Amino acid sequence: MSYSTFLRRKSWAQDHYPAWQKVFLYDCRVDLKEYQKFETFYSEKQYEAHQDPHVKILEAMGDK
């Protein structure tokens, strides 16, 4: 992973991922097991952010 990608992911994690300190360790190191958990979380959030708004409405209506 490039350094710029590392900084972007770390910045996003600090704002959105509750256990970001377990992932991004001191001295620009990364815990690989925790990073895999973070990547799953990140992927789900990115999918939700880019999901069609109509699908979100239909899913909300199905929960009622």
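Counting from 1, the numbers follow the sequence of the chain as shown. Source: prediction; values computed, not measured. Every heavy atom of this structure was used, including side-chain atoms; hydrogens, water molecules and symmetry mates were not.
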(message) If hydrophobic clusters are built from ILVMFWY residues whose side chains come within less than 4.5 Å, do L25 and L7 share one?
(response) no
(request) Using the test side chain to side chain donor-acceptor pair (under 3.5 Å), find all partners of T5 that sit at least two apart in sequence or belong to another chain. (result) S2, R8
(request) Measure the spacing between CD of E39 and OH of Y42 and express it to the nearest 0.5 Å. (result) 7.5 Å
(message) Quick check against the 3.5 Å criterion: does R9 have a side-chain atom that pairs as donor or acceptor with the backbone of F6?
(response) no
(message) Please tell me whether L32 and Y3 are part of a single hydrophobic cluster in this structure, the criterion being side-chain heavy atoms less than 4.5 Å apart.
(response) no
(request) Is it possible for you to say whether M1 and F24 belong to one hydrophobic cluster, with membership spreading through side-chain heavy-atom contacts below 4.5 Å? (result) yes
(message) If I take atom CG from residue D31 and atom CD from residue Q36, how far apart are they, to the nearest 0.5 angstrom?
(response) 9.5 Å
(request) Would you list the pairs meeting side chain to side chain donor-acceptor pair (under 3.5 Å) in which at least one residue belongs to residues 10-20, sequence neighbours left out? (result) W12-H16
